[in-house]
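All values below come from the heavy atoms of this structure, side chains included, with hydrogens, waters and symmetry mates left out. Below, read A as the first sequence line, B as the second, and so on, with proteins coming before strands; counting in each chain starts at 1.
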Protein chains: 2
Amino acid sequence: MRATVKDVARLANVSPKTVSNVVNGTVPVSPATRERVEQAMAQLDYVPNFSARGLRNGRTGLIALALPDLATPFSAELVHEIVEVAHGERLAVQLEETGNDPQRELELLTRARANLVDGLILNPVALDQSAVAPGMTLPPAVILGEVQQDIVDGVGVDSVGGARAITRALAEGGRRRIAILGVMRHVDAATAETRTRGYREALAELGIPWDPELEIVCDEWQPAGGAAALAGFLETHEPPEALFCFTDSLAYGALSVLAAAGLSVPGDVAVAGFDDLAMSPYAVPALTSVAFSRRHIAEEAVRLLLEQIDDRGRPPRQVVVPFEIRRRASTG
Amino acid sequence: MRATVKDVARLANVSPKTVSNVVNGTVPVSPATRERVEQAMAQLDYVPNFSARGLRNGRTGLIALALPDLATPFSAELVHEIVEVAHGERLAVQLEETGNDPQRELELLTRARANLVDGLILNPVALDQSAVAPGMTLPPAVILGEVQQDIVDGVGVDSVGGARAITRALAEGGRRRIAILGVMRHVDAATAETRTRGYREALAELGIPWDPELEIVCDEWQPAGGAAALAGFLETHEPPEALFCFTDSLAYGALSVLAAAGLSVPGDVAVAGFDDLAMSPYAVPALTSVAFSRRHIAEEAVRLLLEQIDDRGRPPRQVVVPFEIRRRASTG
DNA sequence: TTGAAAGCGTTACCAC
DNA sequence: GTGGTAACGCTTTCAA
């Protein structure tokens with residue numbers, strides 16, 4: 001059986017309260033007592049019971065991270081940073097997968113495993129504003145991605161700006177037939193919308209007429225989905241001069257299809273992505289992308305969450321992290 | 001303030017125990033009572049307090065998953081499957097990152113956050129047998145990867161067999177100068193050792209003399225590490241006819257370097273990996289790899305863990321999941 | 001600076 | 001089938 005505060009207290013000849021004081025370090029304890037208690041803890045291999053602590057003071061030291069698809073490289077990079085940052089704040093991270101299901105997203109946000117986790121970092125895909133009624137009491141939560149919920153804290157990239165900048169970068173070599181890959185039809189995805197908007201704004205600024213044919217639909221933002229969508233496009237259309245893929249994962253699929261079709265990148269088609277995944281410099285050819293710091297996002301998200309936990313009802317706040325274009329071989 | 005069993009009981013005119021019975025469904029409850037209680041729960045938006053439940057019955061419904069590096073695509077695929085399988089067993093997953101630190105691995109395994117999680121799935125890199133003394137009482141734990149701990153449950157692939165099979169596959173076209181990428185020098189990594197062993201066994205079977213020069217050292221199993229190691233090799237050696245990379249991530253780095261060096265794959269060098277990541281079919285060229293089911297691993301790991309939780313002290317068990325060679329363009 | 005007692009929300013045990 | 005009571009391990013009063 002595992003040792004409890006009582007066991008430690010008995011062995012150290014103190015009261016349970018004193019043991020607690022030593023463990024938590026809030027109240028000063030005399031060095032001699034502290035020494036005795038610490039020795040007793042070591043001897044009994046004492047580990048605090050987090051359930052009991054959580055029950056007593058309403059905090060578990062656990063936060064939940066909910067992402068639509070955990071299997072992607074992007075999720076991995078984000079999870080990694082959030083776990084690391086949370087660890088630095090002595091928080092553990094519990095993982096949830098929402099699978100693009102708005103119902104599941106909403107459920108987490110409202111009911112939550114409300115009493116197991118202190119707060120929630122959520123990357124919703126299809127959660128729309130109206131779902132969260134203003135009256136509801138929400139758990140401390142931070143939304144990742146496009147800012148659409150002004151009721152909750154949010155952290156996101158400037159998707160419109162990034163899309164505009166990368167579209168302009170693709171146009172630099174004089175290319176004007178610029179396509180995008182990743183427009184969503186069946187899902188109401190804010191990220192796809194904002195990136196489309198940035199693309200269109202760039203076209204307007206460049207004086208390039210908008211051609212709806214060049215907005216390639218792809219509901220699955222994975223290499224397989226991107227490959228299938230682009231392959232379908234090439235069956236009925238001339239290749240574009242440039243292609244902006246809404247994520248690097250989509251771009252990998254695109255590069256694969258272009259290589260198979262005997263089209264050279266960037267000779268025939270310049271290709272760019274968004275996210276700048278860790279492996280994008282090692283794509284063939286190395287992929288130009290819109291980069292932003294996952295660490296930065298993680299830090300802001302955890303910080304905002306802790307602020308909310310400490311001060312419920314503080315007004316919601318939005319943070320936008322900056323992006324940067326990384327030019328590599330895929331755009332020449 | 002959040003509703004408790006007492007609030008629900010009062011509203012439904014029953015005792016707290018009855019509410020508990022309804023929630024847990026172990027003891028039969030009359031339909032009428034059940035109806036009243038469920039209505040009261042809905043009305044009060046009742047959510048059970050997991051800390052209290054955990055304190056009371058010694059189970060939290062949380063398991064920990066500890067991986068060396070969460071940022072890799074492989075981790076993402078594994079995490080995804082384990083979270084899904086655990087979810088099916090009504091378990092939540094808490095994530096830990098060990099960063100190849102044996103100290104951290106050992107700490108998790110022995111002390112653990114012992115009272116917050118019911119069990120632990122651990123993918124150790126450098127944990128050696130001797131670290132875990134036979135006398136220690138360990139929490140329920142399952143080790144992922146090479147079977148080296150016969151004190152604990154384990155789930156792994158047949159790394160030796162996979163490495164041998166892929167080496168033989170690389171030799172099929174008559175190639176005899178076959179190199180490997182991913183041998184570890186600074187880390188005592190079981191996976192690297194077993195894959196090296198499989199490679200050497202295949203060479204012996206094929207009658208190909210062993211050349212230590214062709215065992216390329218690379219301590220970092222990422223595209224960047226693989227690229228750097230292979231680039232260094234090519235500076236002082238002729239290119240091999242075939243290259244077995246110990247993971248697909250390493251292979252991505254290798255493909256990138258070979259393309260930059262103007263070497264064709266598979267024309268000049270056939271390349272194969274291990275893991276068969278989701279994006280490997282979309283590498284340029286599509287990557288041949290040793291495949292195994294992450295889902296299978298997840299199912300076995302969670303199953304073994306649950307068995308242990310239900311029956312502490314049952315003798316440790318080892319599971320080996322099968323592999324399969326997936327031939328793609330990178331080997332012709 | 002330390003001790004005693006109460007209570008967090010839940011469920012197991014035992015009565016009815 | 002249902003209700004009381006006690007206990008899980010911890011921390012927060014309040015006293016000394």
Side-chain angles (χ1 to χ4, degrees), chain A residues 1-38 40-41 44-62 90 111-118 139, chain B residues 1-41 44-62 90 111-118 139 309:
Chain A
M1 199 49 201
R2 195 165 282 276
T4 75
V5 270
K6 280 187 182 169
D7 302 320
V8 176
R10 199 176 313 121
L11 183 60
N13 269 317
V14 295
S15 83
K17 170 63 167 112
T18 306
V19 176
S20 171
N21 285 340
V22 171
V23 172
N24 297 298
T26 46
V27 182
V29 178
S30 78
T33 313
R34 165 179 299 275
E35 172 67 19
R36 276 214 319 286
V37 171
E38 278 172 349
M41 291 199 300
L44 296 174
D45 194 25
Y46 168 73
V47 181
N49 182 318
F50 282 77
S51 290
R53 183 178 287 176
L55 175 57
R56 179 62 240 216
N57 43 12
R59 296 244 192 122
T60 56
L62 244 197
R90 328 196 88 237
R111 307 177 37 103
R113 322 231 315 159
N115 294 300
L116 183 56
V117 299
D118 296 339
Chain B
M1 200 49 202
R2 196 164 281 278
T4 75
V5 268
K6 281 186 182 169
D7 301 319
V8 176
R10 200 175 313 123
L11 183 60
N13 269 319
V14 294
S15 83
K17 174 60 172 118
T18 305
V19 176
S20 170
N21 285 341
V22 172
V23 172
N24 297 299
T26 47
V27 182
V29 178
S30 82
T33 314
R34 166 179 298 277
E35 173 67 20
R36 278 216 317 287
V37 171
E38 278 172 350
Q39 211 161 340
M41 290 198 302
L44 296 174
D45 193 25
Y46 169 73
V47 181
N49 183 317
F50 282 76
S51 291
R53 183 177 289 176
L55 175 58
R56 178 63 240 210
N57 34 349
R59 294 239 195 127
T60 56
L62 244 198
R90 328 194 89 236
R111 306 175 39 99
R113 324 230 315 161
N115 295 300
L116 183 55
V117 299
D118 296 339
I309 292 173

Between [atom1] of [X] and [atom2] of [Y], what distance do you get to the nearest 0.5 Å?
| X | Y | atom1 | atom2 | answer |
| --- | --- | --- | --- | --- |
| B/N21 | B/T33 | CG | OG1 | 10.5 Å |
| A/K6 | A/T4 | NZ | OG1 | 6.5 Å |
| A/D7 | A/L44 | CG | CG | 6.5 Å |
| A/L11 | A/R36 | CG | CZ | 10.0 Å |

Counting heavy atoms from C-beta on, name the nucleotide in [options] closest to the side chain of [X].
| X | options | result |
| --- | --- | --- |
| A/T18 | C/dT10, C/dG3, D/dT11 | C/dG3 |
| B/V14 | D/dG9, D/dG1, D/dG3 | D/dG3 |
| A/N49 | D/dC10, C/dT10, D/dT11 | D/dC10 |
| A/T4 | C/dG9, D/dC10, C/dC13 | D/dC10 |
| B/S15 | C/dG3, D/dG4, D/dT11 | D/dG4 |
| A/A52 | D/dG1, C/dT11, D/dC10 | D/dC10 |
| B/S20 | D/dT2, C/dT11, D/dG9 | C/dT11 |
| B/K17 | D/dG9, C/dT10, D/dG3 | D/dG3 |

Looking at A/T60 and A/L116, would you say the former's side chain and the latter's main chain have a donor-acceptor pair under 3.5 Å?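 Yes, because the side chain of A/T60 sits within donor-acceptor range (under 3.5 Å) of the backbone of A/L116.
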What is the separation between atom [atom1] on [X] and atom [atom2] on [N], rounded to the nearest whole Å?
| X | N | atom1 | atom2 | result |
| --- | --- | --- | --- | --- |
| A/R59 | D/dT12 | CZ | C1' | 15 Å |
| B/N24 | C/dT10 | CG | P | 10 Å |
| B/R36 | D/dT2 | CZ | C1' | 11 Å |
| A/L55 | D/dC8 | CG | C1' | 9 Å |
| B/K6 | D/dG4 | NZ | P | 12 Å |
| A/D7 | D/dC10 | CG | C1' | 13 Å |
| A/L116 | C/dG9 | CG | P | 15 Å |
| A/N57 | D/dG9 | CG | P | 16 Å |

Between [X] and [N], is there a side-chain N or O to OP1/OP2 distance below 4.0 Å?
| X | N | answer |
| --- | --- | --- |
| A/T33 | C/dT2 | yes |
| A/N21 | C/dT1 | no |
| B/S51 | C/dC8 | no |

Do B/R56 side-chain and C/dA12 base share a donor-acceptor contact under 3.5 Å?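 Check fails, no donor-acceptor contact within cut-off.
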Contact nearer the 5' end of DNA chain D, comparing A/R53 with B/R34: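 Nearer the 5' end of the strand: B/R34.
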If you assign each of A/V5 and B/P28 to its closest nucleotide in DNA chain D, which residue comes earlier from the 5' end?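 Counting from the 5' end, the first nearest nucleotide belongs to B/P28.
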Can you find a pair of side-chain heavy atoms, one from A/Y46 and one from A/V5, that are under 4.5 Å apart?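 In contact.
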